[in-house]
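The structure presented is a predicted model; accordingly, all values stated were derived computationally and were not measured. Residue numbers begin at 1 in each chain, while the letters A, B, ... track the order of the sequences.
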Amino acid sequence: MEILKVEFLKLRKKTRIWLGPILVFWLIMIAYPLTVELLQDKLQIGFFSVLWIAILISMMLATEDIFTEDYNDGSLEQTIIQESSFSTNIGLKVFIYWFLTGIPVSILSFIFSFGTTQNFGLSLSIFPLALISSYIFLNLFVLGNSLSLNKGSVLGAIVTMPIALPVLIVLGKSITALQFDINFEGFILLLLGSLSIIIVLVPIVVSYIIRAHLE
Amino acid sequence: MFNFAFNSFYEAIYMNGHGIYVWSVLIIVLFSLLVFFTVYQYKIKKIKEKLDEFN
Amino acid sequence: MTDNSLITAKTISYKINENKLFHNLSFELGEGCALLIKGKNGSGKSTLLRIILGITVPTKGNIYKAASIQICYLGHKNALKSYLTMRDNIDLMQLKNHKELNYYLDLLSLKKHLDVTVSSLSFGQQKKLALLRVFLNTSKLLILDEPFVGLDDATHEQLTNFLSNELIMGKGLIFTSHIPCEIKADSLVLIN
Amino acid sequence: MIKKFIHQFASPKTFLLQVDKFYGLIFFTSLCIYIFSIIWGLLFTPEDFVQGNSFRIMYLHVPASFLSQSLYIAMAVSSATYLIWRVKLAAYFVIAIAPIGAMTTFIALVSGSIWGIPTWGTWWQWDARITSTLILFIMYLGLISLHNSFSNYEKADKLLSWLVIVGAVNIPIIKKSVDWWTTLHQSASITLTNKPSIDPVMLYPLIGTIIGFFGLIICLILISSKNQIFIREKNKSWVKDYV
């Protein structure tokens, strides 16, 4: 649990790391209505697509600096030398980043969808979807960013975006399921299932990748 | 099995209006194969020349 | 391998992009012994240290470490966060030996800068801060990459005395240095 | 023991000597088969009832789309070999195959969309197959750019291998999810998968083009791995002797 303390200490000073993605999400959600003529029903047509893509992009930005700084100043080496499990550390670190970006973004998605659809039940169901999907995206982009560690986050994004596409498809489908009220829980379970696999696998793979970087 | 499918050479090129699609795809495929072969052969040649200079 | 050996290297070789750095290198380090690795720039000193640490995998050969050995490492990179204060950085180091912290802060005359962000400290002061890891270590083996670079004479002497003391206490030390120092050490010279 | 065997068998030197022995043979055989079957397919097969003459694009499109995924699988196998047994030759294969895979995927995409103009009336459709091929193409480009951005070859190899394996796990998932996605949006689009049983007269040249194209791609992979070997091992004495 030391890692939690350490990360919070660092992120307390690095507000841009977690505030930036939230603000970008916010700005995209504000930018969307501006591109549409302001009629409520027109707004709703593309709203959820923009919402999922905004979550995707904000999570991409959130991982931008997750290992780079530690790699450049040598902290990663110190962490590897310590005997404690490296992959668990990575998992916890991802969790902290999700806690600071994913949860606020999910709350914002709830607020924005309520504002757009005026449908409380629907917007409330968006909340868990956003929570789970943001965690999945975050994990995937962490993987991408670990690959392109000190080469900028664009490369990592290019490389992992294809992996994130199936999640977008599931999200799109689940909105349809919500609107026609068919088997929405199934989609939540599907996402949860994939999340539980990703949560275990990504830190392990990332730990190998980072070791390869330090070699 | 080996009957020429067209009545004339012009028809074979034209293919009832589909010729442009078929032949353009053929050109693209052959061109990319050709480019890749030449590029790799050229690269190998370059490296060999460089190694020769060292020797 | 003798009983009290901390690190044993057996015929290790390493090459990077087909450049051979060293070939069939073997050595053994026992308790209370020091090993100074010498060599020209680019002869693979730092790489050898990283191989001993287990960060880099050698192309051939093996490194055997004593069971559950704790290693204290200080490399080229200080592992300091430039945007945090010195106090926060000391927190980040997760030192286990808190009793002597005050003593060493005094000794290295760092105490009055505790609430200054690291980026506004001088190079030497940053180095001293990083050296706290070494002074307050609870490890059995110290691996230091150029520990004397950027230190003033007083600190140089303090570090030398400290390391000699650690050796008497039975710890192991492997280090590189192109600055002469009075630590009794076997040397290992890397020649390409 | 396996490790020792593989290392002996898969040394770049033996590989290079074998390549020199068989390259010409493979190249000319497959080139002849390919040209013969292409001419056969394009000019000597009867016209298709439904699609007219545009079905002849099949002889160019199917081999490429067939290989675009097989090449990725080949990369994944090589990556696993590299990561498990540290066989260097496998790492060379991975990066040697990547551009060629991108090329075949590109051919498959372009020929597919050109084929689409006369058959579907549109050059692009968000059909499951096309979309997943497009994603595959982007993945190939990502792999190449990842490898290019590191100057330390061994590091680049390792990272690339991990990415290839992660991608290989994801390809079936992407395909399945894209299939699933299209079922709702459009149920009646023409898919190439369930076409009526193909006439042998049309099938034989198709088999010929697949074999010929496969052989040519193998040749490309051989020379591109040869190129990789030269780049990586140019300092070794045997390479100098070889040249």
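When heavy atoms are compared at a cutoff of 4.5 Å, C:I71 approaches chain A by way of both its backbone and its side chain. At a 4.5 Å heavy-atom cutoff, the contact between A:D70 and chain C is made by backbone and side-chain atoms alike. Proximity to chain A is limited to the backbone of C:L80, based on heavy atoms less than 4.5 angstrom apart. With a 4.5 angstrom heavy-atom cutoff, C:D88 touches chain A via backbone and side-chain atoms both.
Between the side chain of C:K38 and the main chain of C:K45, no donor-acceptor pair closer than 3.5 Å is present.
A:F99 and A:F8 have perpendicular rings, their planes meeting at more than 60° on a 0 to 90° scale where under 30° would count as parallel.
Both the sub-6.0 Å distance and the 45° axial angle are not jointly satisfied by A:K10 relative to the ring of C:Y83.
Across A:D73, A:L9, A:V6, A:L214, the residue that shares the most heavy-atom pairs under 4.5 angstrom with chain C is A:D73. Most heavy-atom pairs under 4.5 Å with chain A, from the set C:T47, C:L74, C:T56: that is C:T56.
The shortest side-chain heavy-atom distance between A:T160 and A:V142 does not fall under the 4.5 Å cut-off. Between C:L114 and C:T85 the shortest side-chain heavy-atom distance does not fall below 4.5 Å.
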